[in-house]
There are 2 protein chains.
Amino acid sequence: MTDPAASPSSVSASGPAEDDSSASLVSFVVDSIVDGVMEGRYVPGQRLIAADLAEEYGVSRAPVREALHMLAGEGVVELVANRGARIRRLSLQERIDFLEFTEAICVLGVRLATARLAPGPSRDAVVEHYAAIEAAWHRRHSRDFVVALYNYHILLNRISGNLFLEFFYRRPYIRFYTLLLADLVPGVHWEQYIANYRLIHATILSGDSHTAVIHFSSHIRWVLRIMRSAADGEEGAPAARAVRGGVDPGAEAWLPGR
Amino acid sequence: MTDPAASPSSVSASGPAEDDSSASLVSFVVDSIVDGVMEGRYVPGQRLIAADLAEEYGVSRAPVREALHMLAGEGVVELVANRGARIRRLSLQERIDFLEFTEAICVLGVRLATARLAPGPSRDAVVEHYAAIEAAWHRRHSRDFVVALYNYHILLNRISGNLFLEFFYRRPYIRFYTLLLADLVPGVHWEQYIANYRLIHATILSGDSHTAVIHFSSHIRWVLRIMRSAADGEEGAPAARAVRGGVDPGAEAWLPGR
DNA sequence: CCGCGGAACTTTGCATACAAAATCATCGAA
DNA sequence: TTCGATGATTTTGTATGCAAAGTTCCGCGG
């Protein structure tokens, strides 16, 4: 509550390890990989070879392996015995289910935050973060828009006062999966999308937590309907644009590298 | 959906690595530590020394360190640079917030599962798992009762059909934190507790998802009220029985080992 | 043309070694 | 006694080595 929020930008692709030598190499590698995933340098399904990462980051394989295990525990990376690590890949259904899941989480955040929101720095931060969403809306096909939405909800979750809610929503795999959702919404009507959020935001500011929850819920369910119908259309096909990078050729199998 | 559920017991404290030599040592160590945590052999705040674990499990430090990092990514273990690993400790407030958080999750599971529940093996499994809760109720101060409740909800989450919900609810740290909740409920009226669950279960079987959610929600909020008033009573004191093991002396600080 | 060995190469998993950092124990001064 | 410094010991963090498992590639028979 003392620190309402960092400014509404979150990208932090820092350099090597030159400046901050206090943190361990493991966390440096973890951060680098997470950044790489968030920036799209690593795409779902991509194989991560310990020796290559070690060379790239100028460390030995030991901290790289530890970082990969940490990310595997996080759910960002998939680890198979004797076959190493890959960026975790979510099926179309899993992504839709993830949205349904986060609806439940964010509803809690919206409800608690709305009820607690008093005039003051927190409220200013909400306004500011919402402005960032509107600003990013013109670049709504870049990940800036998703990031702005994410930051808005992170702020609400923080304001909610539920420690676990914020802890959970900050985790790298949540950011990662949230980003993946962006690949699923080619069919949405964007004017409607931002109009929904405008309404949600206004209701949050009004302090009516019950109505805010209703608006937020119906927004998410609207998106879910669109996604589900799109998914039915594609059936088992690989998830739309997710194939772009040349990896992620669908299917559950652990296909050979490269 | 093909595999309704394993039988309603979940303890699996397996032996060394004698029999199954295909899985990696890392996963063996991870499983061993998780089992140890679930059995109470490792208590929150306890320091985990890599060399000791290595010797105990008959492996070198490398896989132990990787396992610790994986568990840190999971959220079961806390890792501090140059100071190693400890079993994660949740403050009283964090535990209460965790229950509020899981309410949101389980409400989703209850809603979806109830709506989908048709006569057949799934329904039989629900009945069976509920019977396990009733059976464990007589040992309601042991962890068997918590385990039975957990298994019941895991089953609902599986039946829900939401892939992410089940994935999430299976994670070790969820099991661990759920277990920690047991330390918080000395004030509950147990007759009421089981009566609530009896009602919830009956409503789930009836197929009325709306009412099932309402019953489940009010049950959790009832528990939350009790916990919050107990927490207000204790104020900043260490969490009731959690001190038992001689570790967890409250406070946020990273106190020296042993 | 396609599938099928099998050798050469790559990559993983684990063990060990060693320096840096933290912890602990001892001792002396306030 | 309590506090703080100081050296011994423990523990961590990282690098490196090597065997086993996996992957790739190439040539052969169908």
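Computed from heavy atoms alone, side chains included, the values below leave out hydrogens, waters and symmetry copies. By convention in this document, chain letters (A, B, ...) are assigned in the order of the sequence lines, proteins followed by strands, and residues within each chain are numbered from 1.
Side-chain proximity of A:S60 to D:dT14, C:dC14, C:dA22: nearest is D:dT14. Side-chain atoms of A:V59 lie closest to D:dA15 of the nucleotides D:dT11, C:dC14, D:dA15. With D:dG22, D:dA15, C:dC14 as the candidates, the nucleotide lying closest to the side chain of A:P63 is D:dA15. Of the candidates C:dT11, C:dG13, D:dT14, the closest approach to any side-chain atom of A:N82 belongs to C:dG13. The B:L25 side chain lies nearest to C:dA15 when the options are C:dA15, D:dA15, C:dT12. Candidate nucleotides D:dC18, C:dT11, D:dT14 were compared by shortest atom distance to the side chain of A:R61, and D:dC18 ranks first.
The CG-C1' distance, from B:D52 to C:dT23, rounds to 14 Å in whole Å. Atom CE in A:M70 sits roughly 10 Å away from atom P in D:dG13 (whole-Å rounding). Regarding A:R65, its CZ atom lies at a distance of 14 Å from the C1' atom of D:dT16, rounded to whole Å. Protein atom CD1 of A:I49 is 11 Å distant from nucleotide atom P of D:dT23, rounded to whole Å. Here the P atom of nucleotide C:dC24 and the CZ atom of B:R47 are 7 Å apart, to the nearest Å. Look at NE2 on A:H69: it is 11 Å from P on C:dT12, rounded to the nearest Å. Rounded to an integer number of Å, the gap from A:Y57 OH to D:dA15 P is 15 Å. With rounding to whole Å, A:F28 atom CZ is found 11 Å from D:dT14 atom P.
Formation of a donor-acceptor pair under 3.5 Å by the A:Y150 side chain with backbone atoms of A:Y169 is found in this model.
Surrounding CD of B:E55 are at most 12 heavy atoms belonging to other residues, nucleotides or ligands under 6.0 Å away.
Note: B:Y173 and B:F176 fail the aromatic proximity criterion, with ring centroids not under 6.0 Å apart.
Remark: B:R83 is in phosphate contact with C:dT23, judged by side-chain N or O atoms under 4.0 Å from OP1 or OP2.
Heavy atoms of B:L48 sit under 4.0 angstrom from primed sugar atoms or phosphate atoms, though from no base atom.
Between A:E74 and A:R88 there is no salt bridge, since none of the side-chain N atoms of the basic residue sits less than 4.0 Å from a carboxylate O of the acidic one. Taking 4.0 Å as the cut-off between side-chain N and carboxylate O, A:E166 and A:R158 count as a salt-bridged pair.
Comparing B:A50 and B:A62 against DNA chain D, the residue whose closest nucleotide sits nearer the 5' end is B:A50.
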